[in-house]
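The structure appears right after this line, and notes come after that.
This structure is a prediction, so every number in the text was calculated from the model and none was measured. Every number for a ligand or one of its atoms is a count from 1 in the order of the listing. Numbering starts at 1 and runs along the sequence shown.
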Amino acid sequence: MSSDIQLTLFDDTNSNPRDLIPTNAKIPIAPGTYNNITELAQDCNQCHRCGLGDNRTHAVVGRGHLQAPIMLIGEAPGQNEDETGLPFVGRSGQLLEKILASVNLTTEQDIYIANINKCRPPKNRAPNPDEMAACIPYLLEQIRLVDPKIILLTGATAVKGITGDKRGITKIRGQWLEWEGRLCMAIFHPSYLLRNPSKEVGKPKWLMWQDIQAVRTKLDELTIN
Ligand code: URA
């Protein structure tokens, strides 16, 4: 920790220890910083580690079962998510719920949903590398706290943010990979499926159907054994 950051310890206007919480990008977010998602969410809602914090209505932290066996990671909130503070509640979220329901996966029992970035980028652009780097430490804390058996990375931004893999999603979707000892699979982003509605064999929606069935099978294997 640099000495100017350490000196904030002596700041008598800041007597609350939570003022040392790293909502400033100069201060790293060490693993183990948070005891629970509520604490983390409080910080995300005060965060200015990147410029996206300046325009948010709500930080969008996550929704679903806090001990879910599957964590699904998207890109960043859109308008509906910024307004409600909940991830994937707009059109792509509705499609996502249908995809999950097709194999009996629910956010009540099986899934926790989060994003690479907690704040909405202007005009729904993809977050840039600095914005991603500023926010990913919160996500790593969420992964540690939820401790999922399986991580689903929806879309290229989620794949890049977690694994660093820059290959296109069509190349890597549907394959199991290991990251930090956890099983992960890249899947199409639901907004891509909204733009590609054909259900013909080999098309993105059909491929998603193969992938989500493989996820269901893997979860069953992991929970039976
Ligand atoms: N797209 C995402 O990647 N995340 C959301 O929360 C909503 C749309």
Side-chain angles (χ1 to χ4, degrees), residues 37 40-41 44-45 47 49-50 52-53 55-66 68 70-101 105-108 110-143 146 148 150-170 172-173 179 184-197 204-205 207-208 211-212 215:
I37 301 277
L40 182 145
C44 291
N45 275 291
C47 182
R49 290 173 70 81
C50 76
L52 298 182
N55 296 313
R56 73 173 163 249
T57 312
H58 295 105
V60 174
V61 174
R63 71 178 170 95
H65 185 29
L66 292 174
I70 300 177
M71 182 156 167
L72 182 140
I73 300 173
E75 179 175 295
Q79 184 181 351
N80 293 293
E81 290 79 17
D82 174 69
E83 282 167 9
T84 58
L86 296 169
F88 282 103
V89 290
R91 257 189 93 212
S92 59
Q94 285 159 19
L95 177 56
L96 176 64
E97 293 283 347
K98 284 190 189 169
I99 293 165
L100 297 174
L105 295 173
T106 66
T107 47
E108 283 77 41
D110 314 293
I111 309 269
Y112 179 79
I113 303 178
N115 280 311
I116 292 288
N117 275 82
K118 308 285 184 254
C119 299
R120 183 188 181 199
K123 299 187 181 148
N124 295 340
R125 64 163 170 76
N128 68 36
D130 287 346
E131 291 159 350
M132 289 168 68
C135 208
I136 283 173
Y138 289 122
L139 181 61
L140 298 180
E141 278 292 87
Q142 284 176 288
I143 296 172
V146 175
I150 293 172
I151 298 179
L152 298 179
L153 303 165
T154 55
T157 301
V159 176
K160 193 159 39 140
I162 290 296
T163 69
D165 195 325
K166 297 194 179 105
R167 283 177 298 166
I169 195 81
T170 43
I172 55 171
R173 57 131 282 282
W179 167 82
C184 299
M185 187 192 278
I187 55 175
F188 286 125
H189 193 285
S191 65
Y192 180 72
L193 301 179
L194 288 172
R195 296 193 299 274
N196 292 276
K205 268 196 165 171
L207 293 170
M208 176 62 110
D211 295 349
I212 203 67
V215 171

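- Tested against Tyr112 for a side chain to side chain contact (heavy atoms under 4.5 Å, CB included), the candidates Ile37, Leu72, Ile70, Thr107 yield a single pass: Ile37.
- Annotation: side chain of Lys98 is not in contact with side chain of Pro190 (no heavy-atom distance under 4.5 Å).
- By the 4.5 Å heavy-atom criterion applied to side chains, Ile116 and Ile162 are counted as neighbours.
- Scanning for salt bridge (charged side-chain N to carboxylate O under 4.0 Å, His left out) contacts around Arg167 gives Asp165, with sequence neighbours left out.
- Taking every heavy atom of both residues into account, Ile136 and Gly161 meet most closely at CD1-O, 3.3 Å.
- Listed by chain and number, Gly74, Glu75, Ala76, Glu81, Pro87, Phe88, Ser92, Asn115, His189 each place a non-hydrogen atom less than 4.0 angstrom from ligand 1.
- Under the 3.5 Å distance criterion, the side-chain polar atoms of Asn55 are left unmatched by any main-chain donor or acceptor of Pro122.
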